[in-house]
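The chains referred to below are lettered A, B, ... by the order of the sequence lines, with proteins before strands, and numbering in each begins at 1.
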Number of protein chains: 2
Amino acid sequence: MSAASSLPVDTAAVGAASARVADYLRDAILNGDIAPGERIRQEEVAARFGASRLPVREALRILEAEGLTEHEANKGARVPRLQMHEVDVVYQMRERLEPLAVTESIPHLSASDIDRLAAVQTRIEANTDVGAFLALDREFHLLTYTGCQIEQLMSIVRRLWNSTQHYRRAYVSISGPGRMWVVNAEHRLLLDAIERRDEVDAERFLSGHIRRTRIELAKHPEVFEGGAT
Amino acid sequence: MSAASSLPVDTAAVGAASARVADYLRDAILNGDIAPGERIRQEEVAARFGASRLPVREALRILEAEGLTEHEANKGARVPRLQMHEVDVVYQMRERLEPLAVTESIPHLSASDIDRLAAVQTRIEANTDVGAFLALDREFHLLTYTGCQIEQLMSIVRRLWNSTQHYRRAYVSISGPGRMWVVNAEHRLLLDAIERRDEVDAERFLSGHIRRTRIELAKHPEVFEGGAT
DNA sequence: TGACACACGATTGGATCCAATATCTACTGG
DNA sequence: CCAGTAGATATTGGATCCAATCGTGTGTCA
């Protein structure tokens with residue numbers, strides 16, 4: 001249903017029901033249907049799903065590992081609400097880790113991988129809807145890491161994207177489509193470096209891209225603390 | 001029982017039984033009682049613990065999030081066996097992330113935090129046993145991050161330490177006590193920078209320390225693939 | 001003798017029931 | 001009228017039972 005579910009996630013290795021519930025909740029959180037701070041009741045999810053509470057419990061553990069929920073004993077799960085400084089540090093972590101991921105990825109990217117990447121970037125540029133932009137931007141970046149075979153690194157990168165998705169959405173919806181052209185220019189530079197299989201340039205463009213995004217985000221403190229109850 | 005259990009871990013927020021089982025298994029894995037590649041049977045752990053299989057299942061999910069186990073549908077959990085290149089990349093991740101963690105930590109370190117850190121370093125230098133060295137070195141580094149209030153960052157740093165603990169142990173047991181003096185010298189530089197609250201120096205010394213350790217480890221490919229069945 | 005198929009045992013996944021804990025509300029006392 | 005407390009209700013944690021799946025060993029046939 002959502003664009004997020006079309007991307008590779010590491011939920012393949014769990015029981016069928018748990019995986020389905022996890023997919024459902026993941027989409028709901030990444031789409032913003034469940035807001036930060038909101039509590040997730042096991043019974044409610046189980047009922048909506050026609051399953052027992054047990055797979056829901058497992059699913060919540062999986063999501064916890066992905067940074068999408070947090071868990072407190074006898075109090076249940078809720079979507080974490082991050083402070084501005086926390087999001088800033090997560091962006092600093094991305095700034096340091098994702099260049100490594102793209103360097104690990106580039107040698108293993110096939111020609112069709114790169115074609116798909118270019119196609120997504122073309123779709124981003126043709127698109128004007130800020131909601132779709134969010135999903136496409138996510139898809140673009142995660143696609144650049146397709147060749148990275150280090151599961152540890154990829155699951156952590158996905159986790160960093162997951163935990164800040166809500167704040168990215170809040171940011172693009174208030175900042176409007178203006179900054180999208182800057183992002184597209186930076187994507188083109190990155191795509192070009194990947195097509196040349198130039199790890200050094202790719203690292204440099206990517207870290208700069210993430211750093212500039214972080215600085216932009218820091219100019220909008222109203223994204224944090226405000227909004228949802 | 002083991003030194004690992006005396007360090008802060010983020011298992012406080014789960015049911016009591018699950019947390020106890022998770023602690024038990026974590027110690028067993030970090031101590032090497034359960035080797036990489038070894039399967040973990042739910043029933044066996046539950047019996048040894050006098051609990052049902054359910055908290056064991058939850059515990060295995062927690063450990064999975066910590067990078068200590070991996071899970072496959074209908075096949076259960078086992079301790080991951082890493083390739084040499086994977087461990088190398090994990091060290092590169094540490095090299096990039098832990099300097100950030102120490103910078104976030106330093107402003108919030110109390111005087112007693114630093115005293116405790118210095119005390120641990122003194123104990124490392126007085127120690128000659130390679131087994132104890134492993135635990136103390138871990139304690140030293142994780143203590144330097146005590147002031148880091150970004151849970152996302154800390155849980156990932158712990159995960160990186162966890163998943164490579166076995167290979168670190170294999171390395172120190174074959175390399176002997178020779179390199180310990182180099183490590184101690186580097187620890188002293190780092191400790192000094194922390195006492196001066198000099199984030200720039202701390203970052204520099206720490207990333208160099210991790211990089212040199214990674215390069216040393218790469219000289220010993222026999223640590224990987226060999227050993228346990 | 002080797003390879004494939006079937007069946008049995010072992011192990012994990014899921015459902016239901018019961019216990020423990022937290023949250024919410026109403027009541028009482030100051 | 002507000003604060004604190006005790007009871008009721010809602011929600012999570014754990015145990016036990018049953019179903020589904022995987023691995024393995026044996027037997028049979030070419």
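Scored by the side-chain hydrogen bond (donor to acceptor under 3.5 Å, both in side chains) test, A:R94 finds A:E98 as partners (sequence neighbours excluded). Under the side-chain hydrogen bond (donor to acceptor under 3.5 Å, both in side chains) criterion, B:E44 pairs with no residue, sequence neighbours left out. Residues that satisfy the ring-ring contact (aromatic ring centres under 6.0 Å, His included) test with B:H85, not counting sequence neighbours, are absent from this structure. Remark: A:Y91 pairs with no residue by the ring-ring contact (aromatic ring centres under 6.0 Å, His included) rule, at least two apart or across chains.
When rounded to the nearest whole Å, the span between CD of B:E58 and P of C:dT12 equals 16 Å. Atom NE2 in A:H71 sits roughly 15 Å away from atom P in C:dT21 (whole-Å rounding).
Annotation: ring-ring contact (aromatic ring centres under 6.0 Å, His included) contacts involving residues 130-155 of chain A, sequence neighbours excluded, comprise A:F140-A:H187, A:H141-A:W161, A:H141-A:H187, A:H141-A:H209. The stretch residues 26-69 of chain A participates, sequence neighbours left out, in these ring-ring contact (aromatic ring centres under 6.0 Å, His included) pairs: A:Y24-A:F49. Screening residues 103-114 of chain B for salt bridge (charged side-chain N to carboxylate O under 4.0 Å, His left out) gives B:D113-B:R116 as the qualifying pairs, with residues at least two apart or on separate chains.
What you find for A:Q92 and B:L100 is that their closest heavy atoms are OE1-CD1, 3.3 Å.
For residues 38-49 of chain B, proximity to DNA chain C is found at B:R39, B:I40, B:R41, B:Q42, defined as any non-hydrogen atom under 4.0 angstrom from a strand atom.
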Base, backbone or nothing for each nucleotide of nucleotides 15-22 of chain D, written B, S, -, heavy atoms under 4.0 angstrom, 5' to 3'? BB----SS

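A:S18 has no side-chain polar atom (N or O) that falls below the 4.0 Å cut-off from OP1 or OP2 of C:dG13.
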